Every structure is written in structure tokens, then in C-alpha cells.
Number of protein chains: 2
Amino acid sequence: MVRKPTSKETARKPNMREAILAAAEELFATNGFNAVSVRDIAHAAGANPGSVTYHFKTKDGLLLEIYRRHCGPMNLRRSELLAAARRVRDLQDRLEAIVRAYVVPAFTSGSDLAGGGARFTRLRAVMSAEGNEVARKIIAQTFDDTSHAFIDAIHESLPHIPRTDIVWRSHFLLGALYYSLVTPERVSRLSRGEVDGSDAAGAIEQLVRATVAAFQAPALDQAASARRRPVVSSKT
Amino acid sequence: MVRKPTSKETARKPNMREAILAAAEELFATNGFNAVSVRDIAHAAGANPGSVTYHFKTKDGLLLEIYRRHCGPMNLRRSELLAAARRVRDLQDRLEAIVRAYVVPAFTSGSDLAGGGARFTRLRAVMSAEGNEVARKIIAQTFDDTSHAFIDAIHESLPHIPRTDIVWRSHFLLGALYYSLVTPERVSRLSRGEVDGSDAAGAIEQLVRATVAAFQAPALDQAASARRRPVVSSKT
DNA sequence: TGATCTTTTGTACGATAGTACAAATCACAT
DNA sequence: ATGTGATTTGTACTATCGTACAAAAGATCA
């Protein structure tokens, strides 16, 4: 049942299993889960459809394994960066460091695969949009702890902002992050070719700058939101 | 070929066609395009699968009609609100009015259907995540003009910020907006039940407040981004 | 009422989906 | 070299997909 480690275990593994995982990740991230067939994946990986069944049992199992593969490393990286960020003295600098600790691992390689970070984050974005069941379970289990840790850290560096507002702004951050990875070409189009939406470094700097400012915005006045103005101000 | 208008044309239409559109909108918006079958839609609408083919010819045609139904009203509403916002004197107030003009129609009813605005926006979010072909074409045709108009308006109220940065921040805004509609329950969860992520009015106020601050952030210094620091600051 | 058009129903067809499984092949310790 | 377990291949099965289409039902007006 369990594969016995051979002498060359840690060395070269021209493994079909890896190729299938990589192909599935790429296809799921760009087309969604349901639009991609097991045969598509096998073909992209240069494998036989039966191979997918052999290694991952079901299509859901394949998705599950993709998550398992990335969640650990990415959250570990985030924890490290968050711990370092918490030690920054200046509150303004600390906030930026915290945001960076959240954003950077999402764009950069979270595992040994090149570009794995961005691809996996994009995959998560697409799965959450599709309301994928498998993904929903894993995310609630794996990411909520991390999210709470970041929210707490941000709250510490912005004590005068209610936690509620910080939750909203963190949510907006994740949405912006996801969308930047899902449709980078839209940025290129709207800027009339002046910027490349696929440039991870550029996207990170812009996202960090904008998000830090958003976090620092004054909180919504509770009294004001109680006597909140109607959603539509004029009646057409 | 063209349906002849009857005497009661503008009055009651207990039309199957409408029921199918509504059901499809709801199902597509929550499960994605590919996860929903024509039979699912027909069943949810209390119709026969053949009825869908009759009214919309293909599944793509059904999606197309959903877009056609909403794009006009929503962009019209946005144009009206944008025009009004442009007339606001105070630059700070004007920026907020512009952002509100962009956000509000996405949350509130863009057509005669109750909750149609939010549902359609969520649909767009899901379609863009799935990379849906039909949606991509319509969006580039229909929404880019509106987006440019908003970007221009924002740029006018923030003349010292490069257009490039405004494009990025508008993109982040749309991502945050989309994500708020896709997974409102995440906000409830992360706030430990303190806020209701499905409360449109609350979401709008939070989004407007955060986004205005993000737009007002100082621009990225061009020189600094040329000698940009590496993506990962420490090497582990 | 009967003729004509629109809408709905029921059913069927070919394509493709996920998955199962036996046979073939490979890797490697002995 | 040979046997053994891991992997890959090829193929087949059943279910469901989008769509087509003929027949039934409903509506409209002479």
C-alpha cells in the first residue's frame, strides 16, 4: 500500500503523478473544476486517463491532493513572515509588513513548483467562485486560522479600528488579491497597455500600497451606520 | 419570426421564459456555468427541458440573454449616478460619490427583478473566474466603456495620482466587490457572527469607506518601483 | 368552429463524462 | 535472470450532458 522509499527517493522522479498534479492545477485554475475533464488533464500531462484514477482515485481526490500539497508550505511561509512582521516596532511599518506577509506568499512559489503560489491562489479563487464543495471544506479548516491570526495582528497595529471593520477590509484584500490573479489581462487592457497585470512584483506593490491605506481609513461611525442613508440616494 | 405584440403585451405575463431566466441566473451565480445542466434549470423553473431550447436555442444563448437583460439598465443607472457625482464640488466628497455610483448599482436591483443587481453581479464574478467565453466577450464590449468612464472621473478628482495606479485600485475595487458577493458567509464567519456579510447596505458602506482611502493613498514612486526590492525580503 | 401560430411536452440521439478493471509494462531486489 | 509489486495502458460501462424534433396543448382571430 505505502510506497517503499527507494535509494533514489529524494532525487529525480520523472513521475507521472507530479505531471498530472501540475496539469490539473493549471487547467482547474484557468477553466474551473467542472469545465475540465479527467481526460483533458491526462492528455495535458501526457498520461493515460486510467493513471489519474490510479493515483487519485477520483477527480475530487485529485483536487484534494492539490490543496494538500500547497496549504502546508503556504501557511508555514505566511506564519514565518507574520511572526517577523509582528516584531516591527513602528506601527505604520508593521502594518505594511503584515499585509506583505499575507500577500507575498499568495503570489510567489509556495512549494517547489515554479509559479506555484500564484497558480494555487488563482485555483482557490476559482474554486471559491464556483462554490466547490471539496474546496469549501478544506478552506474553512485550513485558512480560517491563518486569517484570524492576520486579523488579530492587524488589529493590534490599528487598535482604534473595530475588529468588524478589519474583517471587512481583510475580506476586500483577499477579493482584490484573487481578482488580480484571475483576470490580470483586464489591468493591461484598462491601462491601455501601460502596465502588465501579470507582473507579480508590480501587482504586489500596488496591492500593498492600496490595502494599507484602506486599513488605515477611519472606521465607520457606528451611530452613522445606524441612521444609515438609504442605499440609493436619488430615485431615478 | 418576430412575435407580434398582443393587447396585453405590457401587462401580466406568467411567462415560462421569465421563470427560466430567473432560475438560470440563480443557479449559474451560485454554482457556475458548467456545474448547472439545462435540466437543472428547467426543473428549478418548473419547466420542461425542451422549453429552454425553444426560448434560448442553446445554453450559451440563455447566458447571453441574462447578460442582455441586465447590462443596459445597470450601466444606465451607473451613468446617471456618475454624472451626478461629477457635479459634486468638494473633491473628497466627489470621489466618494463616484465610488458609490460604481458600487451601488452592483448591489441593488439593476432591473425589475428583486435582488437582481447583486445576483447578476455575482453571476459576473463567477463567470469571470471560470473564464467563460460568452461572458468575456460581452464584458469587454459592454463594461470597458463604463470602467474607463469611472477611471477618468476618479483621475479627475485625484489629479496627482498616475492613471496607472488608479487602474490598479479600480481593479482591486471590483475584486473586493465581486468577492463580497461570492462569499458573504466568510465575513460572518471571520467576524464570529458579529456582522452579516449578506447585508448589502453594510457591505456598501464598508467597501466605499475602504476604497476611497485606497484611492487616496500616495502613488507608488516610479523610481522606487524601478529599483524595486525583491518580492521576498528574507531568504528561507 | 376551424385555421394558424405560439408554446409546451415527451422522447430520443450522439457525445462525453467519471470511473472501474484486466492486461501489459516497468523497476528492482534477490 | 526471474519474480514481485508498482505503475501504465486500453477499453468498457453507465450516467448524464446539450440539443433536436415531432406531437400535444394553448392561444388568437376569421
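For clarity, every value in this text was computed on a predicted model and none was experimentally measured. Every chain is numbered from 1 and lettered A, B, ... according to where its sequence line falls, protein lines coming before strand lines.
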- prompt: Taking the six-membered ring where the residue is Trp, are the ring centres of Y179(B) and F172(A) under 6.0 Å apart?
  reply: no

message: Is it the case that the ring center of Y67(B) lies less than 6.0 angstrom away from the ring center of F120(B)?
response: yes

- prompt: Checking all strands, does R39(B) fall into the base, sugar-phosphate, or nothing category for heavy-atom contacts under 4.0 angstrom?
  reply: base

task: Identify whether any heavy atom of S51(B) sits under 4.0 Å from a base atom; if not, whether one sits that close to sugar-phosphate; answer base, sugar-phosphate or nothing.
output: base

query: If every non-hydrogen atom of A101(A) is compared with every non-hydrogen atom of L81(A), which pair is closest and at what distance?
result: CB-CB, 3.4 Å

Is the phosphate of [N] approached by [X] (side-chain N or O, under 4.0 Å from OP1 or OP2)?
{"X": "H55(A)", "N": "dT8(D)", "result": "yes"}
{"X": "S37(A)", "N": "dA17(C)", "result": "yes"}
{"X": "Y54(B)", "N": "dT8(C)", "result": "no"}
{"X": "N48(A)", "N": "dG10(D)", "result": "yes"}

[atom1] of [X] versus [atom2] of [N]: gap in Å, rounded?
{"X": "K59(A)", "N": "dT19(C)", "atom1": "NZ", "atom2": "P", "result": "8 Å"}
{"X": "I20(B)", "N": "dG18(D)", "atom1": "CD1", "atom2": "P", "result": "14 Å"}
{"X": "R17(B)", "N": "dT9(C)", "atom1": "CZ", "atom2": "P", "result": "16 Å"}
{"X": "I41(A)", "N": "dT8(D)", "atom1": "CD1", "atom2": "P", "result": "16 Å"}
{"X": "N15(B)", "N": "dT7(C)", "atom1": "CG", "atom2": "P", "result": "7 Å"}
{"X": "F56(A)", "N": "dA20(C)", "atom1": "CZ", "atom2": "P", "result": "15 Å"}
{"X": "N34(A)", "N": "dA15(D)", "atom1": "CG", "atom2": "P", "result": "20 Å"}
{"X": "H43(B)", "N": "dT16(D)", "atom1": "NE2", "atom2": "P", "result": "14 Å"}

Any side-chain heavy-atom pair of S128(A) and V182(B) under 4.5 Å: yes

- prompt: Any sub-3.5 Å donor-acceptor pair from T211(A)'s side-chain atoms to V208(A)'s backbone N or O?
  reply: no

- request: With DNA chain C as reference, determine whether D40(A) or K57(A) sits nearer its 5' end, using the nearest nucleotide of each.
  value: D40(A)

